[in-house]
J.: 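A single structure is presented below for examination.
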Amino acid sequence: MAFENKFIQQRIEKAELLRKEGINPYSNDSQRNTTIEKYLNVNSDIEEKEDKRDENRHYIVSGRIKLFRIMGKASFIKIEDESGMLQIYVARDNLPEGFYNNTFKKNIEVGDIVEVSGYPFVTGKGELSLHANNVKLLTKAIAPLPEKFHGVTDKEIRYRKRYLDLIMNSEVRKTFQIRSRVISLTRRFFEDKGFLEVETPMMHPIAGGANAKPFVTHHNALGIDRYLRIAPELYLKRLIVGGFEAVFEINRNFRNEGMDATHNPEFTSIEFYWAYKTYKDLIEITKEYFQYLFGHLNLPVLLPYGDLEVNFENFQEIPLIKSLSTIGGVPEEIVNDKEKIIEFLSTQNITIKPGMNLGQLQGELFDEFVEEKLIDPTFITEYPVEISPLARRNDENPAITERFELFIAGREIANAFSELNDPLDQYERFKGQVDAKEAGDDEAHEMDEDFIDALSYGMAPTAGQGIGIDRLVMLLTNEHSIRDVLLFPAMKPLHNEEKNLEE
RNA sequence: GUCUCGUUAGCUCAGCUGGUAGAGCACGUCACUUUUAAUGAUGUGGCCGAUGGUUCGAAUCCAUCACGGGACACCA
């Protein structure tokens, strides 16, 4: 039951005692006139003053009490707001009569949110602090905070109770501030390039634009099922058909698949489509985009990621087939021979599904021998057509597509290509997908006749790209689990209440 | 989905080959007007994740389940 914990009971009693003294434990009249960061900056000159204080300055700061050290008739507390941590010196004789002994020491404690007014001074140990002449309780915390030194490290608690994680681990706040900056900068970058931000449906009649299992929901009024989108691609292309020449969307996609360190059922991507351009233009704008991000985030060009160091001035570009031998060490003479690849893979103890075609086998070689070795940003180009169902064929070599994927630190960060805009070709490829679905591939596309209809009106030659924002943020913040860059990562319910609904 | 490790006080963790539960912090009480994880004294605090089993006896051994971490598979 709620509130049965004895520490919570104790704190509820304190809140009651405060009420009896006429103090509202959930006061609403904050008078704060500065943040802690500003306070520390503005008063950095106090150190130089002869008596290391300035009683003529007066500030009101607010924050949560993180540390509480009582030393008889005086105390030091540390309070934290979003901008930082500040030490407060609270002495009995500087406060209203009786407040220190009867209220402050007894009924205010770690976790409470308080407002303190006073003047700046520097302590004997040299820490810029605030000398309090008034302490006001703003919010009583009735739940105790975790231990002050170790904090909360249990990942389950950190993800389930992110608010507690944010209270206890200030570096976590930084990660999410960077995430917000990345999204904001991304938006500004594309807007400045003349792209139009658009919103396309999250609920689709047909889950298209990627190969993935969708979530299903139901629209009562129409009596029909809808799919949470797995990608915005087909709607964004409809907008290109309609005459918009540069569009982007930053939003969530939903895929009904496994969860692990790099997958969450809902994830954020940017997709952008650019008419009259090709994938080569996308390579250039991608380089520019990274330069823009690094400049505005003040990130080092040699970016550490775990044990790795990624050089963001060393963008490489290499065709997939060539990378197999030069980077992957696969014998050059086998990479265009289906039988020899199968033989090679078996000598490497890699089992493959039967019936794979040449392009799929080349993709397999790439995944096994090349991908993890791509540390510095590398555009892998010229993907086999068999593994690129939505990409335009190369005019000279119809076996390859005008496509690249960008790999950084051994991980795919972006996928881009010149778009397939031939409606008959697209129709045939959808039909192939429908056949695959009937043969048991539950991730294959359905026929999207409305999209074919759209392409029939003519889509200008267009290049399109998707970038996984979560993984990008992981890279930029040196985080190694997607859960650490999602404020509220997907978790199983703690108690089995949902089970009843299923039965 | 598979394998593997974990789940003990509010938090961080001990608890050996089975004998009925410990520390630090937090909290209560006392002392202390410049501390830095303040300090000293003292006290309270546990259905040992859940359910079964083995046993005279289970936090400990076994099984099943739940939740979490990691790895693999699939995917972005």
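So you know, we letter chains A, B, ... as the sequences are listed, proteins then strands, and number each from 1.
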J.: Roughly, in whole Å, what's the span from CD1 in A:I469 to P in B:A76?
T.: 16 Å
J.: Look at the side chain of A:E147 and decide which nucleotide, out of B:G68, B:G24, B:U35, has an atom nearest to it.
T.: B:G24
J.: Check every strand shown and say whether A:T123 touches a base, only sugar-phosphate, or nothing at a heavy-atom separation below 4.0 Å.
T.: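 Result for A:T123 = base.
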J.: Could you give the NZ-to-P distance, from A:K78 to B:U34, as a whole number of Å?
T.: 17 Å
J.: Looking for any heavy atom pair under 4.0 Å, which part of the strands does A:G466 touch: base, sugar-phosphate only, or nothing?
T.: nothing
J.: Given pairs defined as Watson-Crick or G-U wobble with both distances under 3.5 Å, what dot-bracket annotation applies to RNA chain B, with ( ) intrastrand, [ ] crossing, | other strand and . unpaired?
T.: (((((((..((((.....[..)))).(((((.......))))).....(((((..]....))))))))))))....
J.: By nearest atom, which of the nucleotides B:A38, B:U35, B:A71 is closest to the A:Q87 side chain?
T.: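 That would be B:U35.
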J.: Verify the contact: side-chain N or O of A:S269 to OP1 or OP2 of B:A76, cut-off strictly under 4.0 Å; return yes or no.
T.: no
J.: For the side chain of A:F7, starting at C-beta, report the closest nucleotide among B:C27, B:U34, B:C67.
T.: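 The nucleotide sitting nearest to the side chain is B:C27.
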J.: Please determine, for the side chain of A:K14, which listed nucleotide (B:G68, B:U12, B:C27) has the closest atom?
T.: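 Among B:G68, B:U12, B:C27, the one nearest the side chain of A:K14 is B:C27.
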J.: Could you state the atom-to-atom distance from CD of A:Q9 to C1' of B:G10 in whole Å?
T.: 14 Å
J.: Is the number of heavy atoms from other residues, nucleotides or ligands within 6.0 Å of CD (A:E97) greater than 12?
T.: no
J.: Ring pair (Phe, Tyr, Trp, His ring centres under 6.0 Å) with A:F272: which of A:F248, A:F189, A:F190, A:Y289?
T.: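 Filter result, single survivor: A:F190.
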J.: Considering only the P atoms, how many Å lie between B:C5 and B:C74, rounded to the nearest integer?
T.: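 Each nucleotide's P atom is 24 Å from the other's.
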J.: Below 6.0 angstrom between ring centroids: does that apply to A:Y383 and A:Y279?
T.: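 They do not qualify: ring centres at least 6.0 Å apart.
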J.: Given that A:G124 and A:H150 both sit by RNA chain B, which one's nearest nucleotide is further toward the 5' end?
T.: A:H150
J.: Any side-chain N or O of A:K125 less than 4.0 Å from the OP1 or OP2 oxygen of B:U35?
T.: yes
J.: Does some side-chain heavy atom of A:E249 sit less than 4.5 Å from a side-chain heavy atom of A:T200?
T.: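 Sidechains of A:E249 and A:T200: in contact.
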J.: Should we count CZ of A:R252 as having more than 12 external heavy atoms under 6.0 Å?
T.: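 Atom CZ in A:R252 is not packed in, count stays at 12 or less.
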J.: Nearest to the side chain of A:K155, heavy atoms from C-beta on, is which of B:G69, B:U33, B:U12?
T.: B:G69
J.: Taking OH from A:Y383 and P from B:A76, how many angstroms apart are they, rounded to a whole number?
T.: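 Rounded to the whole Å, the gap is 11 Å.
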J.: Using atom CZ of A:F121 as one end and atom P of B:U33 as the other, report the distance to the nearest whole Å.
T.: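 Distance, rounded to whole Å: 16 Å.
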J.: If you compare every side-chain N and O of A:K6 against the phosphate oxygens of B:G45 (OP1, OP2), does one of them come in below 4.0 Å?
T.: no
J.: Would you mind classifying the nucleic acid contact of A:I413 as base, sugar-phosphate or nothing, using non-hydrogen atoms under 4.0 angstrom?
T.: nothing
J.: Given the P atoms of B:C25 and B:A59, what is the spacing between them in whole Å?
T.: 28 Å
J.: Output the single nucleotide from B:G10, B:G69, B:U33 whose closest atom is nearest the side chain of A:Y89.
T.: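 Of all the options, the side chain of A:Y89 is nearest to B:U33.
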J.: So what does A:G258 touch, heavy atoms closer than 4.0 Å: a base, only the sugar-phosphate, or nothing?
T.: nothing
J.: For A:L164 and B:G10, give me the distance from atom CG to atom P, rounded to whole Å.
T.: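 My rounded result for the distance is 14 Å.
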J.: What interatomic distance, in whole Å, is found between C1' of B:U12 and the corresponding atom of B:A37?
T.: 13 Å
J.: Give the ring-plane orientation class for A:F312 versus A:F315, where under 30° counts as parallel, over 60° as perpendicular and anything between as tilted.
T.: perpendicular
J.: What about the rings of A:Y163 and A:F488, do their centers lie closer together than 6.0 Å?
T.: no
J.: On the nucleotide B:U35, are OP1 or OP2 found under 4.0 Å from the side-chain N or O atoms that A:K73 carries?
T.: no
J.: Touch check for A:N94, heavy atoms < 4.0 angstrom, all strands: base, sugar-phosphate only, or nothing?
T.: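 If one applies the 4.0 Å heavy-atom cut-off, A:N94 turns out to touch nothing in the nucleic acid.
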J.: Output the rounded distance in Å from CD1 (A:I167) to P (B:G10).
T.: 18 Å
J.: For A:M168, answer base if it contacts any base atom (sugar-phosphate contacts may also be present), sugar-phosphate if it contacts only those atoms, and nothing otherwise; contact means non-hydrogen atoms under 4.0 Å.
T.: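 No contact.
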J.: Closest to the A:D154 side chain: B:C67, B:C25, B:U12?
T.: B:U12
J.: Among B:U34, B:C67, B:G70, find the nucleotide with the atom closest to the side chain of A:S481.
T.: B:G70
J.: On the nucleotide B:G69, are OP1 or OP2 found under 4.0 Å from the side-chain N or O atoms that A:R483 carries?
T.: yes
J.: Mind checking whether A:F215 and A:F254 have parallel, tilted or perpendicular rings, split at 30° and 60°?
T.: perpendicular
J.: When you check the phosphate oxygens OP1 and OP2 of B:C32, does a side-chain N or O of A:K105 lie under 4.0 Å from one of them?
T.: no
J.: Would you mind telling me which of B:U33, B:C11, B:G10 lies closest to the side-chain atoms of A:N5?
T.: B:G10
J.: Side chain of A:R160 only, heavy atoms from C-beta on: which candidate in B:U36, B:G68, B:U34 is closest?
T.: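 Closest nucleotide among those given: B:G68.
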J.: Taking only side-chain nitrogens and oxygens of A:R69, does any of them come within less than 4.0 Å of OP1 or OP2 of B:A38?
T.: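 Yes, A:R69 has a side-chain N/O under 4.0 Å of OP1/OP2 on B:A38.
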J.: Taking the six-membered ring of A:Y235 (Phe, Tyr or Trp), confirm whether the NZ or CZ of A:R238 is under 6.0 Å from its centre and within 45° of its axis.
T.: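 Output yes; distance and angle both within limits.
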J.: If I pick the C1' atom on B:G28 and the same atom on B:U33, what distance separates them, to the nearest angstrom?
T.: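 24 Å, rounded to whole Å.
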J.: Can you tell me the distance, in whole Å, between the CE atom of A:M71 and the P atom of B:A31?
T.: 15 Å
J.: Name the residue closer to the 5' end of RNA chain B, choosing between A:H131 and A:F267 according to the nucleotide with the nearest heavy atom.
T.: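 Looking at the nearest nucleotide for each, A:H131 comes out on the 5' side.
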J.: For the residue pair A:H131 and A:Y119, is the inter-centroid distance of their aromatic rings smaller than 6.0 Å?
T.: yes
